[in-house]
Amino acid sequence: MYPEEFHYTKDHEWVRVDGETGTIGITDHAQKELGDIVYVELPKAGDALRAAEVFGTVESVKAVSEIYAPVSGEVTEVNTRLNEHPELLNSDPHGAAWLIRVRLSDPKEVQKLMSAAEYEAYIGEAGSH
Amino acid sequence: MRYLPNSPRDREEMLRALGRSSIEELFSQIPEEVRFRGRMNLPGPLSEQQILEFFKEAASQSTREYVSMLGAGAYSHFRPAAVDALLSRGEFFTAYTPYQAELAQGTLQAMFEFQTLMAQLTGMEVSNASLYDGSTATTEAVLMALRLTRRNRVIVAKTLHPEYREVMATYVRHMGTEIVEVPYTASGQLEIRALESALNNETAAVVVQSPNFFGTIERFSEIAELTHRSGALLVATVTEPLSLAIIKPPEQADIVCGEAQSFGVPVAYGGPYVGFLATREKYVRQMPGRLVGQTVDTEGRRGFVLTLVTREQHIRREKATSNICTNQSLCALAATIYLCLLGKQGLKALAEHNLAMAHYAAQRLVAAGASIPFSAPCFNEFVVRTPGSAEEVLLELRGEKILGGVNLARFYPELKDHLLVCITETVSKEAVDRMVRVYEGFANRKKAGVAAPHPVGQEKA
Amino acid sequence: MKEHPRHARPHITRDENLIFERSSPGKCGVDLPTPDVPTASAADLLGSEFYRDEIAGFPEVSELEVIRHFTRLSTWNYSVDTGLYPLGSCTMKYNPRINEVVARLEGLATDHPYAPTELTQGCLRVLHDTARCLAEITGMDAVSLQPAAGAQGELSGILMIQACLADRGNPRKYILVPDSAHGTNPASVTTSGYQVRNLKSDSHGCVDLGELELAMTDEVAGLMLTNPNTLGIFEVRIREICELVHRKGGLVYMDGANMNALVGIARPADFGADVMHLNLHKTFTTPHGGGGPGSGPVAVRKFLEPYLPSPIVVKKEDGSYSLDYNRPKSIGRVRAFYGNFGMAVRALAYIAANGSEGLLQTTQDAVLNANYVMRRLQDVYDLPYNEPCMHECVLSDRRQAARGVRTMDIAKRLIDYGFHPYTTAFPLIVPGAMMIEPTESASKEELDEFIEAMRAIAEEVEEDAEFVLKAPYTTRVSRLDEAAAARKPVLRWKP
């Protein structure tokens, strides 16, 4: 269900590491909680990212959620497709609806995050948010 | 009590269902030391007749017998009968905020029409469904600019309504926002060179009213160019939007906001009024206030909903674009009905009428010995320098049952003996001529070096 | 659909175009008199630089078409005049017609705010008397009618707290806001420059005194409180709460949205509030108007009076009224002119119609109605806090959620029974909240109809949850696509 190669945060973001690059998104659980997503606010390429800090927001009809950086680094790419098609976050949150790519400043940071199994257990607990 | 639909028997039955013997038991959890057991010192209970008597008495101590030439942000215009007839429909005025869209399509469609009309009138791309009034709309526009530019300095024309400037100051004080005022020239317009030197790359917004507090129309091209060159946003405030029917809207502005009370909302001693805010589509997510959007239902029928609600307080809470909850829906509805009644032709004709009346009055006043200190064109308001003390002129005019204008010295100490005179379609030629005779009298006495014959302050019978 | 003794008829479904779609050139809804002054060409007077040729897209219709258009639109609205609105904390009570008559009296509806005060004594008297009545009802010492609505009243109140504490040497940094608070509370705090500190409620949904003790540091300027709270429960330890805050040098702001439970029963000044706002469009029956105008007067204790928005209406020794602008400690203006005068007229008329006795009876009926509804529904809907409620009660969708039906779905199905929904999903501390405030403007018959409807829906959920999920069935439009409206906002008509 949740890709093994991703690392997960308590705030429902995922990050996939490929060498020095990290790809970041929100989890399927997050998009389900939010409902129909209507808008995403993302940083620009070149912006600095600091782990555990807010770097953007995801808006549904009835709620807004902040997105927290799972890792630190510099934003290299932003998924501009989400401007026209925010609904992608509902249909493919782990794939086509990645949010940003970063050049990781410290690839070892991901060790502090959860594995797929740990994340599934985490969201399995009642009332986790 | 006539408003309460429960009978004593109903109350008994409900109490019984609750297993209680008296209503007092329902309040037993309230600690005695905070329980109020007295009688409140309030008027009433009054019958409808008595209520009417009371308010008729209050209404008699008013200026209803006077011709009003007062403007300054609140304008007397004729309200067509259809406006109140429609507003009085209970389905409109006793309806709740349209959060449950299926039960409020009436309000929502009307607000969508309001948004459209205001966007058309202001030359902007989108408008919201109203804010409290012009002063808070202008303030919200400034807050929007601060958010969008992430700067903390605002340049404001000195000819922006003085009370609007006060409201702005109240709202931005805690942010340490610098407010810089730019003066006016002999034409009565913003001093462009002063604006130029005031602008810097810390400026978030430039706020200019047009027609401004003196009634003068501003030139926006150069103001806009200078503003945008320094990366700031141009906020244009309009307190008399009837002017937009024959004056080009400030299309170069980023936000056009102001007061729509002129459109079918009574002057009512200062409120309730209806603020508006219109802007470019790219800023839509930073707009405060309610927005009505068009959509479809499950059958594909067109319908309307409140949209982009995540900007608002009930969702965003401390991160909302504004704390506004209630807007001015019924007043916006009045404006919508009014604008539909007048329409393209009627609004233009009415604006032309206002312009013609004001122009006539100004010309005759000049001939009568007053002077018009500002040279730029005006709409239905203009500044007059009185022949003699403004206070005395006003008092004499009062004797003629005319409220002759707002004494500008109250707001601009440098403009002693200047009156702000507003002539709308509610002022007859006869009233203008009567006013002019008073001015002539003063001018003649001044020439002759004679003191006023009538004891100042005594009204003619 | 299940047969039910009193279910609603389908609503009028006639399609009504936008007014722009009805427009055609050459029509006008007014006939203006010809000016009797020499007409000057506007184009000449203004010059081509300023002159506007036309307002593109503006409608052209006759008076009849305007009347029909808006009359039809109005029939699509539910309203207080139509029936019960059980919305929590909104206090959708009857809007007396005499109020509309007096508000329209010439002299009251037409006076200009800058007319000489000697000539507008009637309007000034109305403002003065309304303020005095509100002070009397709340136990406070001074009132300003300037704030345009509750949120502005809140902002004014917080700014006054700030000014007062600044005068004492330190405005401090935070305001405590209970997690059950209405959204305007934290938004108003932020607008004033303070930061919000959330205060967790206890297991009764009330202020947790232990938490408050910990939270109330010398960096906290005050507590923003609603009493009764948004669950409709009276904070029985209110005196202790206020004393705690005061002891630590803070001030207490009370959100007066729930005053319909307290008028004649308890006065906020008596239980320790320092400043509060009132919602004239709730407790004092000024009409909601489809979303405004409202009015949010702010009431304060004596020591905060100097900070009130300026000007204030004063009664002089000779009995006449005037405006006092000499207010050096005032927080300034929160809006132009004096406030929503038209709403003050209506509120004063309502107060006068009732007198002290009538207002007390009103409160009693409001509380009785809410308790009755709660009692008759608590066996079919979950009651998260089993406490006596005041003017509103909060149930939850917990039992129905087990079948996949949530508060919003039940609310939509309620529409088919001829009622406006209750407040869904608020307060946030109750997941799946159903907040119900019948107000005093509901007869026992209507309450019984409402209760029957809610009970019928609970049965429907058990028998056919799917059916409930697709409600409403009888409205002019079915569920509207809010996601599409937010993704690609269409906010105006275009030709």
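Note that the coordinates shown come from a computational prediction; the quantities given were computed from them, not determined experimentally.
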* Count the heavy-atom pairs under 4.5 Å between each of C/Met343, C/Gln162, C/Glu357 and chain B, then report the option with the highest count. => C/Glu357
* Asked: Which of the residues C/Cys133, C/Gly139, C/Ala484 is involved in the greatest number of heavy-atom pairs with chain B at under 4.5 angstrom?
  -> C/Cys133
* Asked: Just wondering, do C/His288 and B/Leu330 contact through their side chains at under 4.5 Å, heavy atoms?
  -> no
* Give, as side chain, backbone, both or neither, the part of B/Ile337 having an atom under 4.5 angstrom from any heavy atom of chain C. => both
* **B/Thr63 versus C/Asp111, side-chain donor and acceptor atoms under 3.5 Å** => yes
* Proximal component of B/Leu403, with respect to chain C [non-hydrogen, under 4.5 Å] -> side chain
* Asked: So, B/Gln345 and C/Glu60: side-chain donor and acceptor under 3.5 Å apart, yes or no?
  -> yes
* Between B/Val126, B/Val274, B/Val432, B/Ile217, the one whose heavy-atom pairs under 4.5 Å with chain C are most numerous -> B/Ile217
* Do B/Arg219 and C/Phe50 come close enough that some side-chain heavy atom pair is under 4.5 Å? -> yes
* **Which atoms of B/Arg2 approach chain C - backbone, side chain, both or neither, heavy atom under 4.5 Å** => side chain
* Taking C-beta and beyond as the side chain, do B/Leu26 and C/Pro388 meet within less than 4.5 Å on heavy atoms? -> no
* Asked: Checking B/Pro80 against chain C: side chain, backbone, both or neither under 4.5 Å from a heavy atom?
  -> side chain
* With no hydrogens and no angle check, is any side-chain donor or acceptor of B/Gln120 less than 3.5 Å from a backbone partner on C/Gly57? -> yes
* Contact part of C/Ala56 toward chain B, heavy-atom cut-off under 4.5 Å: side chain, backbone, both or neither? -> backbone
* Asked: In terms of heavy-atom proximity below 4.5 Å to chain C, should B/Pro43 be classed as side chain, backbone, both, or neither?
  -> both
* Asked: Does any donor atom in the side chain of C/Asn77 or B/Thr107 lie under 3.5 Å from an acceptor atom in the other side chain?
  -> yes
* Hey, are B/Glu57 and C/Arg125 close enough for a salt bridge, meaning a charged N less than 4.0 Å from a carboxylate O? -> no
* Asked: In terms of heavy-atom proximity below 4.5 Å to chain C, should B/Arg89 be classed as side chain, backbone, both, or neither?
  -> side chain
* To do: Against chain C, work out which of B/Asn6, B/Asp10, B/Val305 has the most heavy-atom pairs shorter than 4.5 Å and name it.
  => B/Asn6
* Asked: So which part of B/Leu18 gets closer than 4.5 Å to some heavy atom of chain C, the side chain, the backbone, both or neither?
  -> both
* **Top of C/Lys93, C/Arg267, C/Glu440 for chain B proximity - count of heavy-atom pairs under 4.5 angstrom** => C/Arg267
* Measure B/Met175 against the heavy atoms of chain C and call it side chain, backbone, both or neither at under 4.5 Å. => neither
* Side-chain H-bond candidate by donor/acceptor type, C/Thr120 with B/Tyr269, under 3.5 Å -> yes
* Indicate yes or no for a side-chain donor-acceptor contact from B/Glu166 to the backbone of C/Arg333 under 3.5 Å, with no hydrogens or angles considered. => no
* Asked: If only atom types and distance count, is the side chain of C/Arg492 paired as donor or acceptor with the main-chain N or O of B/Ala119 below 3.5 Å?
  -> no
* To do: Quick one: sort the C/Tyr85 and B/Tyr96 rings into parallel, tilted or perpendicular, breaks at 30° and 60°.
  => perpendicular
* To do: Without swapping roles, check the side chain of B/Ser329 against the backbone of C/Gly290 for a donor-acceptor pair under 3.5 Å.
  => yes
* Asked: B/Ser135 side chain to C/Arg335 main-chain N or O, any donor-acceptor pair under 3.5 Å?
  -> no
* Asked: Under the 3.5 angstrom rule, does the side chain of C/His112 hit a backbone N or O of B/Val267 as a donor-acceptor pair?
  -> no
* Which bit of C/Glu100 is near chain B, if near means a heavy-atom gap under 4.5 Å: side chain, backbone, both or neither? -> side chain
* Side chain, backbone, both or neither: which part of B/Leu347 has a heavy atom under 4.5 Å from chain C? -> side chain
* Under 4.5 Å heavy-atom distance to chain B, tell me which part of C/Leu32 shows up: side chain, backbone, both or neither. => side chain
* Asked: Is there a side-chain contact between B/Glu91 and C/Tyr78 (heavy atoms, below 4.5 Å)?
  -> no
* Looking at C/Ile98, C/Leu87, C/Asp270, which has the largest count of heavy-atom pairs under 4.5 Å with chain B? -> C/Ile98
* **Pick from B/Thr336, B/Val406, B/Val292 with the largest number of heavy-atom pairs that fall under 4.5 Å of chain C** => B/Val292
* To do: Select one option (side chain, backbone, both, neither) describing which atoms of C/Tyr94 are under 4.5 Å from chain B's heavy atoms.
  => side chain
* To do: May I ask you to test the B/Thr116-C/Ile19 pair for a side-chain heavy-atom distance under 4.5 Å?
  => no
* Asked: chain C heavy atoms under 4.5 Å from B/Met40: which part of the residue, side chain, backbone, both or neither?
  -> both
* When heavy-atom pairs shorter than 4.5 Å are enumerated against chain C, which of B/Leu394, B/Thr298, B/Leu333 gives the highest number? -> B/Thr298
* Expected output: side-chain B/Glu299 to main-chain C/Val477 donor-acceptor under 3.5 Å -> no
* To do: With the side chain counted from C-beta on, respond yes when C/Leu159 and B/Arg173 share a heavy-atom pair under 4.5 Å apart, and no when they do not.
  => no
* To do: Check each atom of C/Glu446 against the heavy atoms of chain B and say whether the ones under 4.5 Å are side chain, backbone, both or neither.
  => neither
* Asked: Can you check whether B/Gln109 reaches C/Trp76 side chain to side chain, under 4.5 Å on heavy atoms?
  -> yes
* Structure fact -> Turns out that what part of C/Pro472 lies under 4.5 Å from chain B's heavy atoms comes down to side chain
* To do: Identify which of B/Pro45, B/Ser7, B/Gly44 forms the greatest number of heavy-atom pairs closer than 4.5 Å to chain C.
  => B/Pro45
* Look at atom NZ of C/Lys27 and say whether more than 12 heavy atoms of other residues, nucleotides or ligands are closer to it than 6.0 Å. => yes
* Mind ranking B/Gln61, B/Gln50, B/Glu163, B/Lys429 by heavy-atom pairs under 4.5 Å with chain C and telling me who comes out on top? => B/Glu163
* Contact winner vs chain B - C/Asn371, C/Leu480, C/Val80, heavy-atom pairs under 4.5 Å -> C/Leu480
* Asked: Quick check: does any side chain N or O of C/Ser443 sit under 3.5 Å from a backbone N or O of B/Pro5, one acting as donor and the other as acceptor?
  -> no
* Specify which of C/Ile238, C/Val61, C/Ile331 makes the most heavy-atom pairs with chain B at under 4.5 Å. => C/Ile331
* Is the shortest side-chain N to carboxylate O distance from B/Asp84 to C/Arg104 below 4.0 Å? -> yes
* Asked: Does B/Lys348 pair with C/Glu54 as a salt bridge, N-O distance under 4.0 Å?
  -> no
* Structure fact -> When the 4.5 angstrom heavy-atom criterion is applied to B/Phe92 and chain C, the contacting part is both
* Can you tell me if B/Asp133 and C/Asn340 form a side-chain donor-acceptor pair at under 3.5 Å? -> no
* Asked: Do the side chains of C/Gln152 and B/Tyr132 get nearer than 4.5 Å, heavy atoms only?
  -> yes
* Can you say whether B/Phe304 sits under 4.5 Å from chain C via the side chain, the backbone, both, or neither, judging by heavy atoms? -> both
